[in-house]
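Before any comments, here is the structure.
Numbers restart at 1 for each chain; the letters A, B, ... are given by sequence-line order, proteins then strands.
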Amino acid sequence: MSQSIAVWPFINAAYGVTVAFLAAAGWLALARYRRAAARLAQAERL
Amino acid sequence: MRAPRTRRLYLVLVCLACLGGATALALAGFSSSLTYFLSPRQVAAKAPPLGQTFRLGGIVQEGTVKTQLSGQTPTTLFAVTDGRAAVPVRFSGVLPDLFREGQGVVAIGAMGPGGVFVADEVLAKHGADYMPRDVEQALKESGKWDPRFGPPPAADSWGGEKAKGAGT
Amino acid sequence: MKESVLPARRPARPGGWFHYLANPGRFQKLARPALPWLAAASLGFTVAGLAWGYWFAPADWQQGDAARIMYAHVPAAWVAMAGYAALALCSFVSLVWRHPLADIAAEEIGPVGAGFTGICLVSGALWGRPMWGAYWVWDARLTSVLILFFLYLGHITLIRAFDNKAHAYRAAAILALAGAVNLPVIVFSVQWWNTLHQGNSVSLAGSRIYPTMLYPLLVSALGFYLTFVTLVVARMSAAIAERKTAALLRAAAERAP
């Protein structure tokens with residue numbers, strides 16, 4: 001006798017965590033890359 | 001210029017070989033404790049003492065599942081087999097979705113009186129084969145796969161089933 | 001004539017390409033124009049693979065819709081292991097040849113690889129609860145992946161723990177190389193020991209996944225691999241720029257009293 005549990009909340013949570021991680025990692029890398037490039041350009045003008 | 005590099009290369013390679021060997025020996029030595037569950041054959045040969053918790057894994061034997069509903073929680077009786085030996089199991093509680101006859105299962109509990117394994121928890125173990133339901137039906141109808149005799153045939157031999165499966 | 005004036009523009013030996021590319025300045029020249037393309041390809045394949053798996057792939061015969069977690073879980077697991085293999089390779093190059101770019105790569109791979117390993121563990125737990133009946137079990141596959149996660153965390157900590165960067169790189173490289181013995185254990189754990197985790201569905205011997213479910217998995221995996229490469233290259237490029245900025249500021253401070 002098995003009792004069904006809803007699977008979609010688990011699927012949505014797994015996809016949600018994955019997409020959130022990918023978006024956050026991409027955003028952080030882009031922000032760091034832009035900041036580093038801007039600071040380097042500033043330092044080269046000195 | 002080249003000598004220290006070459007020396008470091010051999011040093012690192014020798015260290016890696018030693019570490020790999022040590023790990024292989026350690027894993028081989030601790031193999032029994034790395035095993036997640038015992039099979040019915042192992043239990044039949046040398047059952048752990050009464051009351052000692054261990055995990056029993058195998059296939060739910062066809063035609064052995066009986067459920068009694070006493071009060072709120074259902075009690076299920078079934079046998080776990082590996083094809084050579086079978087161990088009767090009793091479990092009170094809600095079974096996972098995938099639990100059914102012929103399905104892999106891991107039960108956590110201890111041997112009780114009368115040679116019955118009393119499970120506190122039952123986990124479902126599923127196979128590594130993924131396919132849509134219509135393909136499964138087509139494979140079974142064409143006689144290419146009988147779930148009683150093991151996993152489905154290799155995916156690259158399913159070509160002919162595709163058209164048939166799409167039609168059902 | 002020209003060849004004698006310009007120092008070797010192109011490597012002569014086959015192994016020379018490696019030394020040619022392993023120079024931070026040349027890395028920057030190649031990486032900066034490539035990054036927008038890498039980012040676009042990563043985004044395209046990842047979104048296509050995940051959307052295909054979430055909305056369009058068929059439900060599985062035994063697991064139903066829950067098998068859709070595969071399209072996030074399996075690529076994350078593959079990238080976590082490939083990332084660690086890359087980390088171990090960089091550590092090897094760092095220990096033997098002392099290439100500065102290998103050290104920068106090792107420092108930047110760590111957090112990205114740990115993130116993918118975390119995704120693999122979390123999505124696996126969310127898959128295990130509805131299918132197996134437990135978020136977590138201590139079987140050999142799950143435990144060895146948890147060890148991989150801790151190896152990444154240890155490497156991240158160790159490589160940032162020393163004031164002397166050369167010492168930090170050497171200590172972290174030794175840790176990463178020693179931890180590489182865990183990789184074959186992860187891959188073969190499901191064959192060597194009884195585990196609750198099922199066997200490998202995709203191996204060199206072939207696939208046990210039906211094509212309509214395998215294709216979205218492969219697209220998603222390509223997207224995850226490209227995302228990993230893009231993230232690491234962008235972070236390495238930023239790290240090189242940060243170092244150059246620091247060197248320029250130090251030089252300016254020494255010039256001006």
Of the backbone (N, CA, C, O) and the side chain (C-beta and beyond), which part of [X] lies under 4.5 Å from a heavy atom of chain B, both, or neither?
{"X": "V190(C)", "result": "neither"}
{"X": "M131(C)", "result": "both"}
{"X": "P184(C)", "result": "neither"}

Original post:
Can you tell me how far CD of Q63(C) sits from CG of D129(B), rounded to the nearest 0.5 angstrom?
Top reply: 10.5 Å
Original post:
Could you go step by step and tell me if V135(B) and W61(C) meet the side-chain contact (heavy atoms from CB on, under 4.5 Å) rule?
Top reply: CA-CA 8 Å; V135(B) 175; W61(C) 67 286; over 6 Å; no
Please identify, among [options], the residue contributing the most non-hydrogen atom pairs under 4.5 Å to chain B.
{"options": "S201(C), G133(C), S189(C)", "value": "S201(C)"}
{"options": "T143(C), L177(C), N200(C), V185(C)", "value": "L177(C)"}
{"options": "L196(C), D139(C), L214(C)", "value": "L196(C)"}

Original post:
Quick one: does W132(C)'s side chain have a donor or acceptor within less than 3.5 Å of a partner on V106(B)'s backbone?
Top reply: no
Subject >> Donor-acceptor contact below 3.5 Å, side chain R133(B) vs main chain A59(C) >> reply: no
Original post:
Looking just at side-chain N and O atoms, do E136(B) and Y210(C) make a donor-acceptor pair shorter than 3.5 Å?
Top reply: no
**OP:** Could you look at L9(B) and say if it's the side chain, the backbone, both or neither that has a heavy atom under 4.5 Å from chain C?
**Re:** both
Exercise: identify the closest heavy-atom pair between [X] and [Y]:
{"X": "W97(C)", "Y": "R5(B)", "value": "CD1-CD, 3.4 Å"}
{"X": "A128(B)", "Y": "G199(C)", "value": "CB-O, 3.4 Å"}
{"X": "W138(C)", "Y": "Y36(B)", "value": "O-CD1, 3.6 Å"}
{"X": "T212(C)", "Y": "P132(B)", "value": "OG1-CG, 3.6 Å"}

**OP:** In sequence, state the C-alpha distance, the side-chain angles, and the governing distance for L27(B) and W193(C), and then conclude on side-chain contact (heavy atoms from CB on, under 4.5 Å).
**Re:** CA-CA 10 Å; L27(B) 290 179; W193(C) 303 291; 4.1 Å; yes
**OP:** Please list all pairs passing the salt bridge (Lys or Arg N to Asp or Glu O under 4.0 Å) test where one or both residues lie in residues 30-43 of chain B, with sequence neighbours left out.
**Re:** R41(B)-D82(B)
Original post:
Are more than 12 heavy atoms from other residues, nucleotides or ligands located less than 6.0 Å from atom CZ of R98(C)?
Top reply: yes
**OP:** Can you tell me which residue pairs pass the side-chain hydrogen bond (donor to acceptor under 3.5 Å, both in side chains) test with a partner in residues 51-60 of chain C, sequence neighbours excluded?
**Re:** N12(A)-Y54(C)
Subject >> Residues of residues 109-126 of chain B contacting chain C, heavy-atom criterion under 4.5 Å, by residue number >> reply: E121(B), V122(B), L123(B), A124(B), K125(B), H126(B)
Subject >> Test side chain to side chain contact (heavy atoms under 4.5 Å, CB included) applied to A171(C) - qualifying residues, sequence neighbours left out >> reply: L158(C), F162(C)
